[in-house]
Amino acid sequence: MNTPSQSNDLQPWDDFDSAWYLAHNYKTLRFDDREIIERMATFLASSGPGLSGIDVGSGTNLYPSLAMLPSCRSIAMVERARSNVGWLREEIRGYAPTWDPFWGALINAQADRYKPIEARRLLAERAGVQQGSIFSLPRGRWDIGTMFFVAESITARPDEFERATQSFVRSLRQGAPFAAAFMRHSTGYRVNGLKFPAVSVGEAQVDECLAPVAYDVTVTMIPSGKNPLRDGYDGMILATGYASGS
Ligand SMILES: C[S@@+](CC[C@H](N)C(=O)[O-])C[C@H]1O[C@@H](n2cnc3c(N)ncnc32)[C@H](O)[C@@H]1O
């Protein structure tokens with residue numbers, strides 16, 4: 001049953017505590033994020049240069065945009081929460097050293113692509129932050145995209161999870177590569193005490209949801225091991241593929 005209180009629109013996004021979320025999730029480079037970074041870097045290795053990219057629901061996570069940096073002449077970071085929009089606008093001007101290990105992981109994975117690049121300067125030049133919603137992205141606009149822990153973590157409604165995922169992929173041109181990550185079997189999460197909902201998804205739901213809008217999709221479970229980020233989920237899921245333009 002869908003109840004309105006579970007829907008995306010009714011969550012307190014503008015009270016999302018960016019500093020708390022950053023410290024909790026990205027203070028150090030976790031091994032599950034490292035595995036995702038390595039797989040994403042391999043998948044994106046032949047993309048670009050000169051593409052127009054999108055990262056949707058960026059929150060306080062720079063690594064999806066950093067992964068796309070060599071492929072892109074521009075990256076739109078589309079985020080709904082006013083707090084995160086403010087944080088992103090400041091951070092991309094010259095990101096903090098906390099992101100250096102994430103950039104290092106990209107270099108380890110694909111040195112030819114990432115090592116020659118001055119990431120801090122290029123992110124400031126190429127990334128732009130837009131306040132907006134995943135549900136109202138234009139169709140067929142971008143050449144490459146990322147969406148990390150968004151569609152399943154912004155609502156408790158399965159129909160909204162599906163609509164958000166498909167809206168992200170449909171915002172890409174036909175043939176555009178994308179990488180998307182999902183919390184596996186999430187029961188929701190707290191950001192500095194404030195509760196946010198989730199849709200519990202596994203590999204099968206991610207695959208089913210992508211099938212109508214994407215091709216050559218690979219869905220991989222990334223275990224979170226004995227030291228999960230928090231209770232209430234049991235791993236991460238990485239999906240890569242290409243937009244089918246449908
Ligand atoms: C769980 S966080 C993930 C943040 C980040 N991508 C990461 O990897 O950690 C979900 C993000 O989606 C944003 N969000 C919520 N509703 C949204 C919407 N309708 N459109 C775009 N972003 C949204 C939230 O503000 C938050 O930044």
Side-chain angles (χ1 to χ4, degrees), residues 2-16 18 21 51-62 64-65 68 71-89 91-92 126-183 186 188-189 191 194 196-199 201 205-206 208-215 217 239-246:
N2 295 330
T3 61
S5 64
Q6 298 173 313
S7 69
N8 176 254
D9 251 0
L10 294 174
Q11 308 309 316
W13 296 114
D14 287 339
D15 297 328
F16 193 103
S18 314
Y21 184 83
L51 304 180
S52 165
I54 178 172
D55 176 58
V56 65
S58 308
T60 63
N61 185 3
L62 296 191
S65 293
M68 289 192 287
S71 308
C72 292
R73 66 180 145 76
S74 66
I75 299 174
M77 304 175 90
V78 179
E79 166 57 52
R80 173 166 178 165
R82 209 175 304 147
S83 52
N84 290 338
V85 166
W87 182 90
L88 285 163
R89 286 197 173 132
E91 188 70 7
I92 61 171
R126 295 180 185 176
V129 182
Q130 301 172 15
Q131 186 160 21
S133 173
I134 193 166
F135 296 110
S136 43
L137 297 174
R139 280 194 173 212
R141 161 78 181 74
W142 288 280
D143 308 315
I144 185 169
T146 49
M147 175 186 74
F148 271 57
F149 312 115
V150 179
E152 84 297 355
S153 295
I154 59 171
T155 177
R157 288 176 43 174
D159 64 316
E160 286 193 331
F161 157 73
E162 192 172 314
R163 203 149 54 80
T165 304
Q166 295 182 351
S167 175
F168 159 63
V169 178
R170 287 195 170 112
S171 76
L172 306 175
R173 282 191 230 285
Q174 187 173 5
F178 67 85
F182 306 85
M183 298 304 271
S186 174
Y189 59 105
V191 178
L194 203 54
F196 289 96
V199 177
V201 297
Q205 284 83 13
V206 169
E208 271 165 34
C209 177
L210 288 170
V213 292
Y215 65 93
V217 172
T240 56
Y242 301 86
S244 55
S246 48

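Keep in mind it's a predicted model, so treat the numbers as computed, not measured.
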### Task
Using a 4.5 Å cut-off on heavy atoms from C-beta on, say whether the side chain of Ile54 contacts that of Leu172.
yes
By side chain to side chain contact (heavy atoms under 4.5 Å, CB included), Glu162 pairs with (sequence neighbours left out) Gln166, Cys209
Taken in chain and number order and not counting sequence neighbours, the residues that satisfy side-chain hydrogen bond (donor to acceptor under 3.5 Å, both in side chains) with Thr165 are none
Trp13 meets the ring-ring contact (aromatic ring centres under 6.0 Å, His included) criterion, sequence neighbours left out, with Phe196
The side chain to side chain contact (heavy atoms under 4.5 Å, CB included) partners of Arg82 (sequence neighbours excluded) come to Asp14, Gln131
Worksheet item: Does any non-hydrogen side-chain atom of Thr155 lie less than 4.5 Å from one of Phe135?
Response: no
Here the pair of heavy atoms bringing Glu79 nearest to Gly57 is OE1-C, 3.4 Å
Between Pro177 and Asp143 the two heavy atoms that sit nearest each other are CD-O, 3.3 Å
Residues at least two apart in sequence or cross-chain that pass side-chain hydrogen bond (donor to acceptor under 3.5 Å, both in side chains) with Asp9, listed by chain then number, are Arg80
With sequence neighbours left out, the residues meeting side chain to side chain contact (heavy atoms under 4.5 Å, CB included) with Ser83 are Phe16, Ser18, Ala81
Sidechain-backbone polar pair: Ser246 side chain, Pro212 backbone, donor-acceptor under 3.5 Å
yes
Hits for side-chain hydrogen bond (donor to acceptor under 3.5 Å, both in side chains) against Ser133, two or more places apart or cross-chain, chain-then-number order -> none
Correct closest heavy-atom pair for Ala151 and Ile154 would be O-CG1, 3.8 Å
Residues Ile144 and Cys72: closest non-hydrogen pair is CG2-SG, 3.6 Å
Hits for salt bridge (Lys or Arg N to Asp or Glu O under 4.0 Å) against Arg89, two or more places apart or cross-chain, chain-then-number order -> none
Would a distance-only check, ignoring hydrogens and angles, find a side-chain to backbone donor-acceptor pair under 3.5 Å from Ser171 to Pro138? no
By salt bridge (Lys or Arg N to Asp or Glu O under 4.0 Å), Arg163 pairs with (sequence neighbours left out) Glu160
Heavy-atom nearest pair, Asp55 first then Ile75, reads N-CG2, 4.5 Å
Residue set satisfying ring-ring contact (aromatic ring centres under 6.0 Å, His included) with Tyr242, at least two apart, ordered chain then number -> Phe43, Tyr215
If only atom types and distance count, is the side chain of Tyr189 paired as donor or acceptor with the main-chain N or O of Ser153 below 3.5 Å?
yes
Sorted by chain and number, sequence neighbours left out, side-chain hydrogen bond (donor to acceptor under 3.5 Å, both in side chains) with Ser74 holds for none
Rounded to the nearest 0.5 angstrom, the CZ-CZ distance for Arg170 and Arg139 is 4.5 Å
Shortest non-hydrogen pair, Ala76 vs Gln130, comes out as CB-NE2, 3.7 Å
query = Within a strict 4.5 Å, meaning less than it, do heavy atoms of the Ser52 and Arg141 side chains meet?
reply = yes
For Val201, the side chain to side chain contact (heavy atoms under 4.5 Å, CB included) test, sequence neighbours excluded, returns Glu152, Phe161, Phe182, Val199, Gln205, Val206
